[in-house]
Amino acid sequence: MRKLSRREIIKLASIVGAGVLMPGEVQAFGSMIDTIVQKMSEGIKGTIGKDIETPPPIPGARFGMVIDLGLCIGCRRCSYGCKLENNVPDSINPPYIMVFETKYKPGQIIDENSPVKEHESGNGLLYSKLRRDRMYMPVQCNHCDDPPCTKVCPTKATYKSADGIVMMDYNKCIGCRYCMAACPYGARRFNWSKPEIPPEKINPLVPLRTDGVVEKCTFCVHRTRRGKTTRCVEVCPNKARTFGNLNDPDSAVSRLIASERYFRLKVGLNTGPEIWYLTRPKRKPMAWYKPIPISPDVRGLKK
Amino acid sequence: MKVVKDAIGYAIENLAAADMKFYIYCLILLIIAGVGLSGAVTALAEGHVHSNMSDMVPWGILISGLAFFIGLSAGATMVGLLIHGFGRDDYHPMGTRAILIGMMCIFAAMGCVMMDVGNPFRAMKIPFLLRNETSMFFISSSSYMGFTALLIAELVSTIYVTIGRAGSRGRKIAKYLGILAVPYALIVVHSFTGTIFGVVKAREMWNTPLLPVHFVTSALASGFALVILVTIITSWVNKKDLVSRETYNHMGIMLCFFLIATVFLDTFDYLILKYSGTVEGLETWHLFTGRYLPVFLINMVGLYAALIMTISKKFRSPRGLFFVSVIVIIAIAAYRINLISIAQLIPLYHELGEIQYVPNMHEVAPLIGLMAALMLLYAILTKVLPLEDKVHKTGE
């Protein structure tokens with residue numbers, strides 16, 4: 001048998017290699033083109049949630065939420081419940097509701113100029129044990145009275161509805177993320193990849209989103225406009241959260257704001273946030289649960 | 001029809017006459033563009049999951065690229081103003097080239113946006129089918145379309161003048177378009193691009209009314225530096241000076257003035273950030289002078305070095321201006337990265353801890369691919385279009 005030269009071996013290997021690799025490559029390229037064409041069609045038509053009816057705004061309502069920091073134990077059940085209720089995929093990380101372990105102890109006078117010890121664990125979002133000597137603080141979309149995100153959105157994909165809820169129209173969102181850059185509360189989430197939700201976990205009342213669009217807390221619009229409360233309020237074991245109509249002086253939220261000391265986040269920016277934090281001290285008899293774990297692989301955060 | 005036929009004939013004739021070096025150059029650019037832009041196609045299919053952007057840093061290197069390229073397009077318009085507004089006929093050989101540079105830069109800026117957004121197909125509905133008049137992004141992107149249309153009109157009218165087919169009315173149109181491009185570029189395009197960031201009160205580094213002014217000055221400096229760079233490289237490639245030494249000297253003086261304004265604003269911007277003592281201001285300062293010190297140094301040292309060099313007449317020669325232009329372009333690119341990407345690393349809540357962002361190859365490769373594609377387009381267009389220097393040389 002004739003011995004093959006080096007050139008012939010390379011030639012043969014190239015042909016065999018191409019024969020083996022190319023079908024897969026071609027198939028991958030074909031499926032990529034299919035995806036792009038499908039995206040183009042979806043992008044132009046806008047089909048997200050077309051089959052789901054969102055109830056209209058409730059006339060005269062101005063929804064808001066009160067969070068009692070003295071009752072929050074940082075268990076993250078609000079965050080987890082929100083995720084399940086709103087078809088939020090695992091890829092949305094951090095979730096709509098972030099719960100921080102703050103560096104402040106209950107009763108400590110907060111002074112930004114005083115030297116305060118930093119977290120021993122390094123990151124206030126990724127804690128895994130609850131500490132009774134710490135304050136916990138849930139943050140989410142503040143459904144601002146004058147939201148910066150709606151002003152900057154180039155397509156009116158995000159808008160302030162008549163009942164105060166800052167909403168998203170996923171079929172108008174181009175994914176420019178200007179709203180995310182403009183939000184002082186870091187409340188918006190972008191689908192960096194195609195969201196995957198197991199079929200058995202899908203809530204049929206909430207539209208499934210695609211990659212390339214921004215999403216956020218909607219105050220569970222599918223529930224609250226049907227007379228229910230939000231999911232995070234429902235699942236909180238210590239009833240730290242209260243949701244209601246701020247325009248109604250007899251509502252629980254209005255009464256709490258009228259009778260208790262409160263603060264709102266970054267009021268100096270004049271956005272008119274509608275999440276009100278009560279600064280009551282921690283109560284003694286409270287339910288304590290382990291915190292629901294959060295993935296340490298939060299995009300953009302140092303682990 | 002005859003005009004189109006003549007144009008096609010002229011283009012084919014010029015392409016056929018091009019030497020092998022030109023084709024090799026085009027081939028290299030084509031390969032870089034193909035490899036780089038394949039990254040953009042992947043992102044289109046799979047989303048931006050492979051990028052290093054995050055919900056904490058929603059705008060990465062591509063948006064820095066938008067601001068940078070928009071700025072570069074400013075210099076192009078200045079050449080038109082110098083020729084038509086100030087009667088500097090010595091800039092004539094760069095007339096059409098400058099318009100082409102402006103067009104390529106605006107294409108690059110729009111390309112950056114299209115590669116960055118999550119749904120580029122839907123983005124094409126702006127401004128006619130989707131609009132929000134209060135959004136600076138909407139106003140800016142609409143103004144880019146207007147700027148592109150203006151530059152195309154200026155290009156066509158300039159070509160008509162160059163080939164001697166324009167009457168007195170045509171020459172007037174070319175003149176007015178050349179003059180109009182400057183206020184349009186500076187007041188509408190660049191100011192509003194600065195305003196995209198300036199109106200964001202959530203970010204300390206951005207939220208200042210001076211940002212639009214800052215954008216205009218840095219745009220003029222970087223854009224004019226690019227025009228100088230292209231003039232020098234074209235002269236070297238053609239082995240013949242496009243403009244005279246006196247014109248180079250004038251270019252250096254112009255660049256010096258633009259640099260003075262930019263350095264002034266940059267310096268006081270950083271000084272105020274440091275000395276204001278606000279928490280966010282100090283955090284921004286610590287970021288710039290800590291983890292991202294190299295970017296900060298490239299920006300500031302580069303600008304100061306370039307300014308000092310342009311003050312000296314020795315550096316206002318083609319060789320000196322080549323180095324100065326490269327330094328200015330790199331320094332202002334560093335400024336854009338500092339301003340846009342790094343300024344977002346200040347956490348909105350302290351409890352988030354350290355936020356990280358360094359652009360990866362999935363973001364950088366499409367940007368390089370886009371630049372290569374536009375350099376290729378520029379090379380072909382300068383070959384097939386009747387530019388001033390070619391027409392003068394051949395006497396057509």
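The chains referred to below are lettered A, B, ... by the order of the sequence lines, with proteins before strands, and numbering in each begins at 1.
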Contacting moiety of A:S193, where chain B heavy atoms sit under 4.5 Å: both
Atom group of A:M98 that falls short of 4.5 Å from chain B, counting heavy atoms: side chain
Heavy-atom neighbours of A:Y80 OH exceed 12 at 6.0 Å: no
Per-residue contact mode, B:V49 against chain A (heavy atom under 4.5 angstrom): both
Distance (rounded to the nearest 0.5 Å) between A:I174 CD1 and B:K125 NZ: 11.5 Å
Atom pair CZ/NZ of B:R131 and A:K172 - distance to nearest 0.5 Å: 10.5 Å
Most chain A-contacting option - heavy-atom pairs closer than 4.5 Å, from B:A123, B:P127, B:A202, B:S54: B:S54
Heavy-atom side-chain proximity of A:M180 to B:M53 below 4.5 angstrom: no
B:R122 side chain vs A:C173 backbone, donor-acceptor pair below 3.5 Å: yes
Nearest-0.5 Å distance that lies between atom CD in B:E46 and atom CD1 in A:I36: 9.5 Å
Spacing of CG belonging to B:N119 relative to NZ belonging to A:K39, to within rounding of 0.5 Å: 7.5 Å
Min side-chain heavy-atom separation B:N132-A:T155 under 4.5 Å: no
Side-chain (B:W59) to main-chain (A:C176) donor-acceptor, under 3.5 angstrom: yes
Contact winner vs chain B - A:G212, A:S31, A:G175, A:P154, heavy-atom pairs under 4.5 Å: A:P154
Which portion of B:M56 sits near chain A, non-hydrogen atoms under 4.5 angstrom: side chain
Under 4.5 Å from a heavy atom of chain B, the part of A:I33 involved: neither
Part of B:M124 within contact of chain A (heavy atom distance under 4.5 Å): neither
Side chain / backbone / both / neither for A:T210 at chain B, heavy atoms under 4.5 Å: neither
Region of B:T195 in contact with chain A, defined by heavy-atom distances below 4.5 Å: backbone
Geometric class of the B:F137/A:Y178 ring pair [parallel <30°, tilted 30-60°, perpendicular >60°]: tilted
Which of B:L345, B:I355, B:N207, B:D116 touches chain A most, by non-hydrogen pairs under 4.5 Å: B:D116
Side chain, backbone, both or neither of B:V41 within contact of chain A (heavy atoms, under 4.5 Å): both
Contact leader toward chain B among A:V213, A:D211, A:V139, where contacts are heavy-atom pairs under 4.5 Å: A:V139
Option in B:G47, B:P347, B:S135 with maximal non-hydrogen atom pairs under 4.5 Å from chain A: B:S135
For chain A, which residues of residues 138-147 of chain B have heavy atoms nearer than 4.5 angstrom: B:F138
Backbone N/O of B:D55 and side chain of A:R189: donor-acceptor pair under 3.5 Å: no
Heavy atoms from other residues, nucleotides or ligands near NZ of A:K160 exceed 12 (cutoff 6.0 Å): yes
Partner chain B: residue of A:L269, A:T35, A:T150 with the largest heavy-atom pair count (under 4.5 Å): A:L269
When A:P94, A:G186, A:C153, A:A157 are compared by non-hydrogen pairs under 4.5 Å with chain B, the top option: A:C153
Which portion of B:I126 sits near chain A, non-hydrogen atoms under 4.5 angstrom: side chain
Top of A:N171, A:L265, A:L125, A:D34 for chain B proximity - count of heavy-atom pairs under 4.5 angstrom: A:N171
B:Y349 side chain vs A:Y185 backbone, donor-acceptor pair below 3.5 Å: yes
Contact check, side chains of B:E351 and A:M137, non-hydrogen atoms, under 4.5 Å: no
